[in-house]
Protein chains: 2
Amino acid sequence: MNSKKRTAITAQAKKAPAETRERVLDVAERLFAERGLDAVSIRDIIAAAEANLGAINYHFGTKDGLIEAVFERRLVPSTQERLRALEAVERAAGDRPPKLEAVLEAIFRPVVEEAMDPKRGGITFGKLMARCFVDPNPVMERVMRSHFTPVVKRFDAALSRVMPNLSPEDVFWRMHLLMGGLHQSLLLLDRKPPPGLPRFQVDAETYIRRFVAFAAAAFRAPLPKD
Amino acid sequence: MNSKKRTAITAQAKKAPAETRERVLDVAERLFAERGLDAVSIRDIIAAAEANLGAINYHFGTKDGLIEAVFERRLVPSTQERLRALEAVERAAGDRPPKLEAVLEAIFRPVVEEAMDPKRGGITFGKLMARCFVDPNPVMERVMRSHFTPVVKRFDAALSRVMPNLSPEDVFWRMHLLMGGLHQSLLLLDRKPPPGLPRFQVDAETYIRRFVAFAAAAFRAPLPKD
DNA sequence: GTATGATTCATACGACCGTATGAATTCAAA
DNA sequence: TTTGAATTCATACGGTCGTATGAATCATAC
């Protein structure tokens with residue numbers, strides 16, 4: 001009888017602490033993206049989040065635990081979204097190989113949309129991801145391996161089917177390059193443009209269309225004879 | 001009479017100190033590339049270089065001075081090489097716009113060759129450069145602005161002439177993307193490949209040919225109507 | 001109201017950081 | 001062999017790091 005009342009009250013009661021945890025995650029994500037994992041101390045984070053030093057220990061255990069939580073929060077949804085989009089593309093294609101552009105859009109759209117959605121932190125996490133690819137931080141490496149590698153494998157397989165004339169190594173190489181390029185280009189979104197150039201600013205749909213066209217052309221580039 | 005002896009002795013005598021400075025630079029470059037600027041302490045560096053803590057203060061002043069020296073050593077030559085190659089391409093073309101592939105090769109070849117030349121540190125500095133593009137370290141930013149931005153401007157102008165149908169913003173965007181992709185792809189050179197795939201290994205000329213073909217196709221991708 | 005569990009807080013610890021300093025050492029030149 | 005500059009070395013300083021701990025506070029359940 002009181003189970004209903006209890007859960008209701010509990011939910012309200014847990015709101016404040018949950019807010020602290022979320023606030024710390026938001027601030028940590030932003031600071032990590034701005035300055036890098038090693039350059040940001042947990043003292044910087046708790047100061048900006050107006051929380052207490054012990055909160056990190058309490059909610060995340062260690063700094064590495066916090067880092068992992070920051071990544072998981074964003075990576076899990078976007079990974080699922082990518083895989084779901086790829087499945088939809090393949091289902092729609094039936095037993096024929098899907099269109100190259102459709103596969104590329106499935107993998108690129110989620111992160112672009114996230115990067116352009118202020119409600120999901122905007123470009124902040126995109127900056128962090130850009131770092132992921134080049135930073136050898138062991139925690140980040142582990143997160144990448146557990147969350148990102150499965151997606152890469154799945155999409156590599158799909159792309160190899162679409163582009164049967166490319167070797168698996170070449171598909172892997174091109175995807176890797178484009179993924180790095182994507183994050184690199186996303187960084188332009190909040191970077192001051194060089195003098196003489198207007199600020200780079202387009203909406204998500206335009207960006208996705210441009211990037212997919214760019215990537216598809218690159219993917220179809222014939223391998224020069226070695 | 002003793003001038004010969006003097007120079008001989010001088011060369012031998014100065015060898016040790018010059019070697020210390022260079023040894024520190026080599027080790028710092030490697031450690032910075034492996035772990036990141038902030039994660040490496042100058043104590044890590046002098047320990048690996050078998051030097052004394054004071055050597056950093058003596059030769060470079062501060063850690064930032066060391067970082068700057070690490071970048072300058074490689075960036076100055078490669079920048080010069082790029083500009084020289086571009087000039088050669090433009091001179092060869094006379095008053096006609098040069099070929100897109102030639103311009104792209106001029107900017108990409110120097111870093112690929114460096115990344116594949118063990119005598120110039122191999123991929124080590126390439127890893128460091130990959131970080132440059134995403135890392136907001138203020139020292140790195142300053143180095144980039146003073147050494148890299150001029151090259152970008154120069155090549156952007158050249159590419160705009162070659163691809164007059166693309167807007168300057170689009171040229172900038174595509175170059176930025178490809179530059180990030182280049183460094184991203186170079187990282188594969190010393191990364192363990194995912195299970196099932198052979199180690200990515202080609203010689204410099206093949207790599208350059210592939211990358212230029214890839215980049216040219218991407219550059220020629222028509223802008224989709226927005 | 002009071003007991004209880006969840007959360008926040010102030011504070012402390014040892015380790016490591018970047019930098020500075022001055023003495024010791026090295027070594028070409030006289 | 002002495003001189004003087006260049007380089008190396010041992011050592012110290014104040015500051016910040018990540019982590020841990022135990023008391024204080026809070027909101028709920030009885």
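The structure displayed is predicted, hence computed values, not measured ones. In what follows, chains carry the letters A, B, and so on, assigned in the order in which the sequence lines appear, proteins first and then strands, with residues in each chain numbered from 1.
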Please tell me which of the listed nucleotides, [options], lies nearest to the side chain of [X]?
{"X": "B/T20", "options": "D/dT8, C/dT19, C/dT8", "value": "D/dT8"}
{"X": "B/N52", "options": "D/dT7, D/dC9, C/dG18", "value": "D/dC9"}
{"X": "A/T62", "options": "C/dA6, D/dT7, D/dT19", "value": "D/dT19"}
{"X": "B/R43", "options": "C/dT19, C/dC9, C/dT7", "value": "C/dT19"}

Rounded to whole Å, how long is the line connecting atom [atom1] of [X] with atom [atom2] of [N]?
{"X": "A/D64", "N": "D/dG18", "atom1": "CG", "atom2": "C1'", "result": "10 Å"}
{"X": "A/R23", "N": "C/dT8", "atom1": "CZ", "atom2": "P", "result": "8 Å"}
{"X": "B/R21", "N": "D/dA6", "atom1": "CZ", "atom2": "P", "result": "15 Å"}
{"X": "A/N137", "N": "D/dG18", "atom1": "CG", "atom2": "P", "result": "12 Å"}
{"X": "B/K63", "N": "C/dA20", "atom1": "NZ", "atom2": "C1'", "result": "17 Å"}
{"X": "A/E22", "N": "C/dT8", "atom1": "CD", "atom2": "P", "result": "13 Å"}
{"X": "A/E50", "N": "C/dA10", "atom1": "CD", "atom2": "P", "result": "13 Å"}
{"X": "B/I45", "N": "C/dC16", "atom1": "CD1", "atom2": "P", "result": "17 Å"}

Quick check on DNA chain D: between A/S41 and A/N57, whose nearest nucleotide comes earlier from the 5' end?
A/S41
Upstream residue (5' side of DNA chain D) when A/D44 and A/G54 are each assigned their closest nucleotide:
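Checking each residue's closest nucleotide, the 5'-ward one belongs to A/D44.
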Taking it one step at a time, do B/L25 and B/R73 satisfy side-chain contact (heavy atoms from CB on, under 4.5 Å)?
CA-CA 9 Å; B/L25 281 177; B/R73 184 173 64 147; 3.8 Å; yes
For a quick test of reading the model: is some side-chain N or O of B/H59 closer than 4.0 Å to OP1 or OP2 of D/dA6?
no
Decide if the gap between the ring center of B/F155 and the ring center of B/F108 is smaller than 6.0 angstrom.
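No, the ring of B/F155 stays outside the 6.0 Å limit from the ring of B/F108, centre to centre.
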Between A/F211, A/F148, A/F125, A/F133, which is the residue that forms a ring pair (Phe, Tyr, Trp, His ring centres under 6.0 Å) with A/H183?
A/F133
NA contact type, A/L53, heavy-atom cut-off 4.0 Å: base, sugar-phosphate, or nothing?
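Base contact - A/L53 has a heavy atom under 4.0 Å of at least one base atom.
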Any luck finding a side-chain donor-acceptor pair between B/T206 and B/D203 under 3.5 Å?
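Checked: B/T206/B/D203 side chains pair up, N/O donor to acceptor below 3.5 Å.
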For residues A/V24 and A/I56, report the shortest heavy-atom separation together with the two atoms involved.
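Looks like CG1-CD1, 4.3 Å.
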